[in-house]
Structures are given as C-alpha cells and as structure tokens.
Number of protein chains: 2
Amino acid sequence: MTEDRHATKERLLDAAERLFAEKSFDEVSIRELAQAADANLAAVNYHFQGKENLFSEVVRRRFLVQRDRSLAALTKAVDAGGERPALDTIIRAIVDSYLQGALATQEGARVMALIAREMHASGPSRHVSAFGEMIAPVFAAFSAAMLRARPNLSVDQANWLIASVVGQVHHFIMRRFKYEGLPAGDPVRAFMAHAFPVLGEPVDVYIARATDHITRFSTAAIDAMYPEVTP
Amino acid sequence: MTEDRHATKERLLDAAERLFAEKSFDEVSIRELAQAADANLAAVNYHFQGKENLFSEVVRRRFLVQRDRSLAALTKAVDAGGERPALDTIIRAIVDSYLQGALATQEGARVMALIAREMHASGPSRHVSAFGEMIAPVFAAFSAAMLRARPNLSVDQANWLIASVVGQVHHFIMRRFKYEGLPAGDPVRAFMAHAFPVLGEPVDVYIARATDHITRFSTAAIDAMYPEVTP
DNA sequence: CAAGGACTCAAACATATGTTTTAATTATGC
DNA sequence: GCATAATTAAAACATATGTTTGAGTCCTTG
C-alpha cells in the first residue's frame with residue numbers, strides 16, 4: 001500500500017537527516033546511507049535522483065518548521081502586546097524560539113548543526129533557496145516587531161540591533177553544540193565547563209539562562225542607546 | 001641552497017592556505033593542491049606525510065598570528081588605561097583586532113573562513129589543539145581585562161558578557177563573508193545589501209562601523225546591567 | 001670530483017565513491 | 001487474475017582520491 005510504497009523513501013530521509021547532521025556532506029556515502037536506512041544502494045538515486053537532491057530535501061523539511069515556529073512566536077508576542085508591545089517580550093520570543101528549536105529536541109539539534117555547518121560552507125551552498133526562504137521572512141518579521149515596540153528607531157538602526165541579537169543567539173547555540181560534541185575527558189571541554197559552568201547544566205536550564213541573558217543584555221543595550229520616548 | 005630547498009614546501013603551504021579557504025578539506029584534492037603549488041603530486045606526502053598534516057600546519061601557522069595580535073591589542077588597551085582602564089577601550093580593542101584579522105587582509109580572511117568552517121565541523125576536529133591554544137589565552141586575557149575595567153563584576157558575570165561580545169563579532173564577520181561569497185546578481189545578496197547597506201561599503205568602512213556598533217551596544221548593555229560604582 | 005643524501009618526478013596501487021544498468025520482485029488497476 | 005507500472009536488488013561502471021614506489025636529478029659536502 002501507499003504506506004509501504006513511501007516507506008523506504010521516508011526511511012532514507014530520516015537516515016540522511018541523522019547522518020548529515022553527524023558528518024559533512026562529503027563524509028556521508030550513499031552506501032552508508034542506504035545501509036542505515038535498510039535500503040538498497042540504488043534506492044537513493046531512484047527516489048531522489050542523486051545525493052544532492054536528498055540533502056536538499058532533508059534541509060528543507062526541517063527548515064520550514066523552524067521558520068514557522070519563530071514566526072508564530074513572534075506574532076504571538078506582538079499581538080499580546082497590543083498597540084505597543086514590550087521590547088523584551090519580542091526579543092525573548094525570537095531568542096527562545098531559536099534556542100528551543102536548535103537545542104531542545106534531538107531532531108532540531110541535528111538539523112541546526114547541519115545548517116550551521118552548511119551556512120559556513122563554500123561557494124553557492126547546496127540550498128541557497130532555503131536561505132532566502134527562511135532567513136528573509138523571519139528577519140522581516142523581527143524587524144517589523146522591533147519597530148512596533150520602538151517607533152523611534154529607524155529601519156537601519158533596528159537592523160543593526162537585530163544583528164547583535166542574532167549574533168548572540170547563534171553563538172550560544174554553537175557554544176552548546178561544541179561543548180556537547182567534545183568527548184567527556186577532553187581538556188577543551190573541561191576548560192569550557194570551567195569558564196562557563198552553565199554548559200554542564202541540563203539543556204532546558206541552559207536554554208532558560210541563555211535566553212534570559214541575551215534578552216536582558218540586548219534590551220539593556222537598546223534602552224540605553226535609544227531611550228524610549230515616554231508619551 | 002636552503003631557500004630553494006624549502007621552496008616547494010612553502011609553495012605547498014601557500015597554495016593549501018588558499019585552497020582550503022575556498023573549499024572544504026575533502027573538496028581539495030592533493031593533485032589539485034600540487035598543481036596549484038607547481039609541485040609534484042608526491043610532494044605533499046613527502047613534505048607533510050599526508051594531507052591532514054598539511055592542513056594542520058596551514059591552520060596553525062595563521063592561528064597563532066591572530067592570537068598574538070589580539071593579545072597585543074588587549075594588553076595595549078589595558079596598559080594605556082592605568083589602574084582602571086575604560087570598558088569601551090577594552091571591548092573596542094578585542095573587537096577591532098578580530099574584525100581586522102578576519103576581514104582586512106586577504107590572507108587573514110582566508111584562514112578565518114577556514115577556521116570558522118572547521119569550527120562547526122563534525123567530531124573532534126582536525127586541530128583541536130589549536131582551539132585550546134588560541135581560544136583559551138585570548139578568552140582569559142579578555143576576561144581579566146574586563147574585570148580590571150569593572151571590578152564590581154563577578155568572574156561568571158564577566159564571562160556571560162564576553163560571550164555576548166564574541167557572538168556579535170563572529171556574526172559580523174560571517175555576515176560579511178557570506179555576503180562577499182555570493183555572486184553579484186544573487187537575490188540573497190541583494191536582500192542582504194538592502195537590509196544592511198553597509199555590506200556594500202568597502203571593507204575598512206564595514207570594519208569601522210561594525211566595531212563601533214558592537215562596542216557601543218555592548219558597553220551600553222554592561223553599563224545598564226551593572227552600573228559602575230563611582231568612587 | 002665523487003659519494004651521499006635531499007628532493008623531484010612519473011607511474012602504479014589500492015580503494016572508495018556516485019551513478020547506471022539490467023533483471024527480479026512487488027504492488028496496482030482493469 | 002493478469003498486464004502494467006512501481007519498486008527493489010545485485011552487479012557493473014567509471015572515475016577520483018590518498019598514498020606508495022622506485023628511478024632519476026640536483027645539490028651539498030668531504
């Protein structure tokens with residue numbers, strides 16, 4: 001039946017998601033992939049017409065989930081704030097949705113690691129489309145929300161501020177990834193845990209603390225740089 | 001003479017630096033490398049006993065340069081400040097040294113791109129040593145300097161703040177890399193330039209503006225979060 | 001100048017990879 | 001229930017890769 005028909009295709013996608021998160025594109029072989037999915041070697045090319053297509057579909061599948069989650073969180077925060085939403089609510093919404101999406105669940109973590117890696121990859125990456133499809137809308141929504149919260153900002157100013165927020169988010173995500181990727185006895189891991197004890201905490205604690213810090217840090221900066229005009 | 005003797009070895013290192021910055025480790029073949037260096041195929045294995053060793057040496061060579069530059073800038077900033085150096089001077093020193101090292105010169109940009117890519121790579125990267133050798137000292141110096149400028153901060157607080165600064169630095173570096181890596185007509189590039197016009201400016205303008213923004217943003221945040229106790 | 005070592009070179013090796021092919025098998029629709 | 005299409009399977013293909021080999025060349029050195 002239909003279920004069985006698409007079974008191997010789905011299994012391939014799942015296996016690919018896992019493997020591509022662990023290793024880079026080139027480090028994953030089609031044979032390895034087929035074996036992990038309990039499928040035949042030729043199945044990859046039959047269902048996806050090549051390795052690159054499979055990769056693209058893997059990325060795309062989760063990419064849009066994260067995008068929609070961030071947009072929903074942002075919309076909710078803006079709507080809850082009425083005419084003039086609170087700045088820290090907006091920032092917290094976007095920061096939390098990213099940290100949750102990237103760190104909370106294993107699937108999210110896998111794909112985020114993958115995306116982060118490919119983001120820094122060479123040339124015109126294998127999924128440029130995803131970039132525009134995800135980054136642009138979220139960025140636009142974030143920018144608009146921030147301008148709602150702080151009408152005294154110019155678009156340009158808001159975008160600079162957003163860059164600072166996003167930079168912190170990425171950094172706190174990567175920091176956790178790097179830490180968890182290191183083997184238990186690794187000296188670098190020990191150093192990181194020493195300088196940054198929260199890395200040793202459970203992931204939900206880490207997310208909460210990081211979200212809190214980024215939100216407070218960024219809100220404080222914005223308030224100080226561009227004082228709110230009180231009506 | 002000695003010069004000619006090591007000539008091909010040096011040529012290999014130079015070519016490797018360039019190629020490894022453009023493509024990933026796996027995407028660069030030894031044959032390609034040898035040809036770019038005008039050397040024989042076997043030269044790589046003769047001089048470096050394998051591809052991985054060559055890669056490690058490439059990274060190491062520039063890694064320490066950047067480390068020393070950052071440490072020097074930091075030391076200079078601290079020393080110039082006497083008993084109680086100014087916070088924004090410290091932050092500006094570290095931010096500027098990284099942006100300069102990563103964006104100003106072509107060689108620096110190459111290796112920084114390479115490092116950024118490998119940083120997000122899988123497993124126990126090919127140069128874990130470099131991580132501890134570079135990150136740890138700079139981090140420690142930055143932390144110490146910040147505590148000199150703001151004695152009312154705890155070590156833990158300082159480290160959280162540093163994470164926010166470093167996250168912004170990385171992000172502004174990667175943003176420029178990504179932008180410059182895209183072909184002229186690319187829609188993503190157009191979008192980035194539209195939302196962030198400074199990306200179209202010459203690199204030294206970009207560096208100056210970004211340094212300024214990160215410094216002001218971070219200083220404002222820190223001052224607001226932990227008001228300075230005036231003696 | 002002759003011997004020895006450092007270096008270069010072309011060729012060969014061994015293997016891992018993505019893809020294609022061709023036949024067998026399984027499900028679908030009339 | 002059978003013909004047809006969809007899917008799976010095993011093997012072959014073509015090629016690109018890192019590495020090794022062994023002969024040749026150049027330079028240093030005694």
Side-chain angles (χ1 to χ4, degrees), chain A residues 1-60 114 117-118 121-127, chain B residues 1-60 114 117-118 121-127:
Chain A
M1 32 168 151
T2 323
E3 202 174 311
D4 282 4
R5 253 223 167 107
H6 294 68
T8 60
K9 188 169 181 178
E10 290 294 332
R11 260 182 294 133
L12 279 172
L13 276 171
D14 291 339
E17 182 173 302
R18 186 163 50 80
L19 289 174
F20 281 137
E22 287 169 6
K23 316 166 165 201
S24 79
F25 182 80
D26 312 88
E27 283 164 353
V28 177
S29 78
I30 282 193
R31 283 166 178 79
E32 186 182 3
L33 234 151
Q35 190 179 357
D38 228 337
N40 186 269
L41 167 61
V44 171
N45 274 299
Y46 176 77
H47 285 287
F48 298 95
Q49 299 91 40
K51 191 180 169 187
E52 302 233 348
N53 274 356
L54 170 54
F55 182 84
S56 297
E57 292 220 21
V58 166
V59 174
R60 215 187 132 72
L114 183 163
R117 178 149 17 83
E118 288 298 320
S122 55
S125 1
R126 268 175 283 271
H127 55 274
Chain B
M1 31 162 141
T2 322
E3 201 174 313
D4 282 4
R5 256 220 167 109
H6 294 67
T8 61
K9 189 170 182 176
E10 290 295 332
R11 259 182 294 133
L12 278 173
L13 276 171
D14 291 339
E17 182 173 302
R18 186 163 50 81
L19 288 174
F20 281 137
E22 286 170 6
K23 314 169 167 198
S24 79
F25 182 80
D26 312 88
E27 283 165 353
V28 177
S29 78
I30 284 194
R31 283 167 177 79
E32 186 182 3
L33 234 151
Q35 189 179 356
D38 229 336
N40 185 269
L41 167 61
V44 171
N45 276 297
Y46 176 79
H47 286 288
F48 298 96
Q49 298 89 40
K51 189 180 170 188
E52 301 234 350
N53 274 356
L54 169 55
F55 182 83
S56 297
E57 293 219 22
V58 166
V59 174
R60 217 186 128 74
L114 182 164
R117 178 148 17 83
E118 289 298 320
S122 56
S125 1
R126 270 175 281 271
H127 56 273

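Numbers restart at 1 for each chain; the letters A, B, ... are given by sequence-line order, proteins then strands. Just so it is clear, the values below take in all heavy atoms, side chains as well, and ignore hydrogens, waters and symmetry mates.
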How long is the line joining [atom1] of [X] and [atom2] of [N], in whole Å?
{"X": "A/Asn40", "N": "D/dT8", "atom1": "CG", "atom2": "C1'", "value": "6 Å"}
{"X": "B/Asp38", "N": "C/dT8", "atom1": "CG", "atom2": "C1'", "value": "12 Å"}
{"X": "B/Leu33", "N": "C/dT8", "atom1": "CG", "atom2": "P", "value": "15 Å"}
{"X": "A/His47", "N": "D/dA6", "atom1": "NE2", "atom2": "C1'", "value": "9 Å"}
{"X": "A/Tyr46", "N": "C/dT26", "atom1": "OH", "atom2": "C1'", "value": "11 Å"}

Partner set under side chain to side chain contact (heavy atoms under 4.5 Å, CB included) for B/Ala42, not counting sequence neighbours:
B/Asn40
Within the 4.5 Å heavy-atom criterion, are B/Arg11 and B/Thr8 side-chain neighbours or not?
yes
N/O (side chain, A/Thr8) to phosphate O (OP1/OP2, D/dT8) under 4.0 Å:
yes
Protein-nucleic acid N or O pairs under 3.5 Å, nucleotides 14-19 of chain D:
from	atom 1	to	atom 2	distance (Å)
D/dG18	OP1	B/Val28	O	3.4
D/dG18	OP1	B/Lys51	NZ	2.4
D/dG18	OP2	B/Ile30	N	2.7
D/dG18	N7	B/Arg31	NH1	2.9
D/dG18	O6	B/Arg31	NH2	2.8
D/dT19	OP2	B/Asn45	OD1	3.4
D/dT19	OP2	B/Lys51	N	3.1

What do you reckon, is CD of B/Glu32 surrounded by more than 12 foreign heavy atoms closer than 6.0 Å?
yes
Please verify the inter-ring angle class for A/Phe25 with A/Phe20; under 30° counts as parallel, over 60° as perpendicular, anything in between as tilted.
parallel
For the NZ atom of B/Lys51 and the CG atom of B/Asp26, what is their distance to the nearest 0.5 Å?
6.0 Å
Find out whether the Lys NZ or Arg CZ of A/Lys9 is both under 6.0 angstrom from the six-membered ring centre of A/Phe48 and within 45° of the ring's axis.
yes
